[in-house]
Amino acid sequence: MAKVMAVRTMGRPTRAMAASYDPEGLFANKARVKTKLGAMDRPKWLRELKKVPEEACDASGGAPVVALDPEVKEELAKLLAEEYLPVDLDAPGVKVHHLDPPVITVDGFLTPQECDLFVEETLRSETLKRSTVGEGNLDSERNQQSETRTSRSVLLNEEVQTEHRGLKDLARKLQTRAKQVFAVERWSPTGILPGPNQVCFEALQVAVYQEGEHFLSHEDGFPQGVVESNGFQRVATVLLYLNDVEVGGRTRFDFLNLAVKPKKGTVLLFFPGFSSCESDPRSVHTAEDAVDEKWVCQQWIARGMPVDGLSAQNGSSPAQEVQGELFRQVKKGKTKAAKGRKSAASRGFGAR
């Protein structure tokens, strides 16, 4: 999870930063175990899961859209449009791995040459640093390295993109392709806190995992207090695999009995938050231990909180209660509630 520090100046949202944070003390607990595929039980109070019919799936574990029953496709399109973000299911390369919550891949999202260039430009920039978890913005002393997240990464904020034009061009190309997949009519400017019910891209990240490195079970969405404090929820994750990974490094969804193997140029789409700006804890996922080197781009999409605030939907608990129950499932004992803190920040938001 990430806490975003946002500031409004003269009525206009400023650029903001964020960093991973651990308000419950969960990530700092070295005793926390890495769950096996399918080992984390779905709490009964979370909405029921809906899988893709097994007979429709290919060797990748996903179902090409043409293999879906037309009624199933129609129901999925409606679910995405009404409760998450609309997706063009007829876009080339789309496969569906899970229906509710939706998990989708798009093959050929970037070409192999573009993926190689992303890696080359990142290495050339010499900007990779050990990934951190913390409670403040990227400059905060509260951020700490953790054995929960052991990759190296770089946030392509305004400063980095200005100094490294090649990364700027690639980030724009990725975002342009994403706009072709998400059937959103209007996008707010990238890196600017979106207005109510508006969506925008957060600052993009590039990360690399070497042998043994991982990011243990976590959510991309925010608890209710953070959403209300900062004015937006992370509603979609666009995870682009920049290289083929034969062994290790899968993206595992802990509640869904589902793991996606990295494939060069393929993008993984899932939805950590509803359009109501409540989080969907069913999206809890793990970056499994790498064996082969793994490179990824992480692009999050933010939605501005509705004017009337958050409200429960579809029979689920309020986001804060949902996450609290989730934390209690994976860590015994009491936890300290997360508290939103506003802080001045600059140059892009959306880091972990």
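This structure is a prediction, so every number in the text was calculated from the model and none was measured. We count residues from 1, following the sequence as given.
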I'd like to check Thr286 versus His214 (side-chain heavy atoms, cut-off strictly below 4.5 Å). Are they in contact? no

I need the full list of salt bridge (Lys or Arg N to Asp or Glu O under 4.0 Å) pairs touching residues 173-185, with sequence neighbours left out, sorted by first then second residue. Glu114-Lys173, Glu114-Arg177

N/O donor-acceptor pairs under 3.5 Å from side chains in residues 61-74, not counting sequence neighbours:
| from | atom 1 | to | atom 2 | distance (Å) |
| --- | --- | --- | --- | --- |
| Asp69 | OD1 | Glu71 | N | 2.8 |
| Lys73 | NZ | Asp90 | OD1 | 2.5 |

With a cut-off of 6.0 Å (strictly less than), are more than 12 heavy atoms of other residues, nucleotides or ligands near CD of Glu211? no

Main-chain N/O of Ala290 paired with Glu213 side-chain donor or acceptor, under 3.5 Å: no

Salt-bridge present (Asp254, Arg252; N to O < 4.0 Å): yes

Taking only residues two or more places apart in sequence or in another chain, which ones pass side chain to side chain donor-acceptor pair (under 3.5 Å) with Asp116? Lys264

Run the side chain to side chain donor-acceptor pair (under 3.5 Å) test against Asn243 and tell me which residues pass, sequence neighbours left out. none

Assess the pair Phe222 and Phe232: is the distance between their ring centroids shorter than 6.0 Å? yes

Could you state the interatomic distance from OG1 (Thr237) to CG (Asp220), rounded to the nearest 0.5 Å? 3.5 Å

More than 12 non-hydrogen atoms from neighbouring residues, nucleotides or ligands closer than 6.0 Å to NZ on Lys168, yes or no? yes

For Asp169, all residues meeting side chain to side chain donor-acceptor pair (under 3.5 Å), sequence neighbours excluded: Arg165

Could you list the residues that satisfy side chain to side chain donor-acceptor pair (under 3.5 Å) with His98, not counting sequence neighbours? none

